[in-house]
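Here the structure comes first, spelled out in structure tokens, and everything after it is commentary.
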2 protein chains.
Amino acid sequence: MAIKISFKVNEAVFLRDPEKSELGRTIIKHSIDLINNLGFEAFTFKKLAIDMGTTEASIYRYFENKHRLLLYIISWYWKYMDFLLDFQLQNLTDPKIKLKTIIKLLTHELPISAGELDYNIKFLNQIVITESSKVYLVKEVTEINKSEVFKPYKELCAKIAAVISANDKKYPYPKSLSSTIIEASHHQQFFSQHLPRLTDVTPKNKNEFACLFIENLVFSVLGK
Amino acid sequence: MAIKISFKVNEAVFLRDPEKSELGRTIIKHSIDLINNLGFEAFTFKKLAIDMGTTEASIYRYFENKHRLLLYIISWYWKYMDFLLDFQLQNLTDPKIKLKTIIKLLTHELPISAGELDYNIKFLNQIVITESSKVYLVKEVTEINKSEVFKPYKELCAKIAAVISANDKKYPYPKSLSSTIIEASHHQQFFSQHLPRLTDVTPKNKNEFACLFIENLVFSVLGK
DNA sequence: TTTAAATAATAGTATTACTATCTTTTTTAT
DNA sequence: ATAAAAAAGATAGTAATACTATTATTTAAA
């Protein structure tokens with residue numbers, strides 16, 4: 001019995017819930033493929049419509065614009081990450097091992113654990129690395145933030161911050177360290193792929209590099 | 001005798017050097033104001049042309065597109081930062097004080113030291129915080145990187161990495177730590193301004209927050 | 001002072017980012 | 001089973017964006 005995993009993304013993100021119809025799910029599936037292929041800037045609703053054999057108008061019934069669609073995808077990812085985190089931490093008690101598990105999760109491709117997934121996780125991962133900061137690095141951030149659509153990110157950040165605090169009760173910046181390791185995980189992965197001189201990757205540690213760097217960083221800060 | 005500061009940005013970034021004509025300098029000056037006002041997404045050459053009383057065609061003679069213009073501004077900023085860094089570190093010998101000076105520079109508005117500046121540094125600073133990652137977080141990064149236009153960023157990163165290594169010869173990730181503190185400086189400033197729950201800012205430490213966090217981070221990692 | 005280079009003025013094109021309308025199909029409620 | 005409602009498809013249209021091209025005018029350099 002394969003369980004289909006789905007997460008409720010804040011209603012303010014979409015006009016019609018894409019999880020609730022075949023067309024909606026197709027939009028998300030094809031968007032992930034297409035954004036990964038073209039990059040977010042070159043991605044348009046027109047191209048998406050052609051790609052999936054429907055019309056622009058149909059897509060506009062689900063999302064106000066492509067920024068909202070990206071926000072949906074990224075939010076979905078954070079919810080999935082949050083779920084995986086709960087799942088993987090459930091039987092762990094040692095806060096150090098908990099934190100190591102979190103760092104591993106942040107710096108590796110997401111595992112497709114428990115249930116079947118509609119989306120291409122490899123692509124989703126790349127999109128998060130390259131495009132996720134574009135959802136908040138916009139002029140309208142304050143306006144968008146009012147509708148609570150950044151909640152999944154904030155909740156994940158708070159959850160990781162709690163584990164950080166459990167490792168070192170006196171550490172004064174758990175939330176900032178949390179958001180920093182989330183962002184740095186992406187950046188170091190991106191840099192090691194495309195601008196390696198901004199990192200210390202070597203051909204040897206290529207795959208483990210981001211993980212090793214972040215682990216070293218975190219456990220230095222938290223005093224082992 | 002006021003010295004006008006100027007930096008040579010890689011020729012591949014522009015079609016015609018904006019530093020070498022009045023129109024060119026006006027383009028940069030007005031771009032900084034307009035990008036800061038509208039955000040990069042809403043900023044267009046048309047709006048810029050109207051704002052400065054010229055035509056779109058004139059601007060296209062200087063820059064291929066708005067992404068290149070942003071790249072120019074950001075590159076200029078890194079060059080200016082590099083210059084300030086040399087300037088401020090010149091009489092320092094203690095590597096710890098050097099690193100503290102660097103962190104202060106990264107987390108505060110740039111000082112307008114030595115010479116007169118054409119550009120609005122306050123705005124430039126905000127643009128770097130909000131828009132700088134958009135110059136490399138694009139599909140064409142590898143292609144763009146070939147023309148060496150990211151050099152100013154890489155050089156600054158290397159310079160900071162050298163100071164990091166001077167603080168701790170055995171630390172294995174100087175370049176990654178360097179790029180991480182550059183990026184985290186921006187992110188933590190952005191978050192503390194717009195999404196404070198991702199940080200540990202308080203009304204009290206508001207202005208010093210990013211600096212305090214990064215200092216604590218760096219000197220924990222480098223073992224005091 | 002001639003020539004070249006830069007700018008201004010204007011026009012035009014393909015694409016993007018939508019909105020509107022009407023018809024057909026599918027779903028749901030009775 | 002059927003009527004009503006909702007969703008999707010088909011088509012059209014508009015304003016703005018992201019350019020390119022052409023010619024005339026001004027400015028700077030040889």
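To find a chain, count down the sequence lines: A is the first, B the second, and so on, and within it residues start at 1. Just so it is clear, the values below take in all heavy atoms, side chains as well, and ignore hydrogens, waters and symmetry mates.
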Are E41(B) and K134(A) side-chain neighbours, meaning at least one heavy-atom pair lies under 4.5 Å?
no

Report the distance from atom CD1 of I50(A) to atom C1' of dT15(C), rounded to the nearest whole Å.
11 Å

Looking at Y80(A) versus W76(A), is the centre-to-centre ring distance below 6.0 Å?
yes

Would you kindly give the CG-to-P distance between L48(A) and dG9(D), to the nearest whole Å?
12 Å

Using a 4.0 Å heavy-atom cut-off across all strands, classify R16(A) as base, sugar-phosphate, or nothing.
sugar-phosphate

For atom NZ of K46(A) and atom C1' of dA12(D), their distance in whole Å:
11 Å

Could you please name the option among dG9(D), dT17(D), dC18(C) that lies closest to any side-chain atom of L23(A)?
dG9(D)

Within the pair S58(A) and dG9(D), is there a side-chain N or O less than 4.0 Å away from OP1 or OP2?
yes

Rounded to whole Å, the CZ-P distance (R61(A) to dT23(C)) equals 15 Å

Closer than 4.0 Å, any side-chain N/O of T54(B) to the OP1 or OP2 of dA8(C)?
yes

Between dG9(D), dA8(C), dC18(C), which one does the side chain of E56(A) approach most closely?
dC18(C)

Is the phosphate of dA8(D), meaning OP1 or OP2, less than 4.0 Å from a side-chain N or O of S21(A)?
yes

Mapping F43(A) and Y62(B) to their closest nucleotides on DNA chain C, which lands nearer the 5' end?
Y62(B)

Rounding to a whole Å, what distance do you find between L15(A):CG and dA6(D):P?
16 Å

N or O in side chain of K47(A) less than 4.0 angstrom from dT16(C) OP1/OP2
yes

Distance in angstrom units between K66(B) NZ and dC19(D) P, rounded:
10 Å

Should the pair R16(B) and Y62(B) be classed as cation-pi, given the thresholds of under 6.0 Å to the six-membered ring centre and 45° from the axis?
yes

Please report the distance, rounded to the nearest Å, between CD in E41(A) and P in dT16(C).
13 Å

Length of the line joining L69(A):CG and dA17(C):C1', which is rounded to integer Å:
14 Å

Nucleotide nearest T55(A) (side chain, heavy atoms from C-beta), chosen from dT11(D), dT10(C), dC19(D):
dT11(D)

Indicate, with a heavy-atom threshold strictly under 4.0 Å, whether Y60(B) touches base, sugar-phosphate, or nothing.
base

So that I know where these two stand, are F190(A) and H186(A) an aromatic pair - ring centroids less than 6.0 Å apart?
no

Identify, with sequence neighbours excluded, every residue that meets ring-ring contact (aromatic ring centres under 6.0 Å, His included) alongside Y77(B).
none

Quick one: label F63(A) by what it contacts on the DNA or RNA (base, sugar-phosphate, nothing), any heavy atom closer than 4.0 Å.
nothing

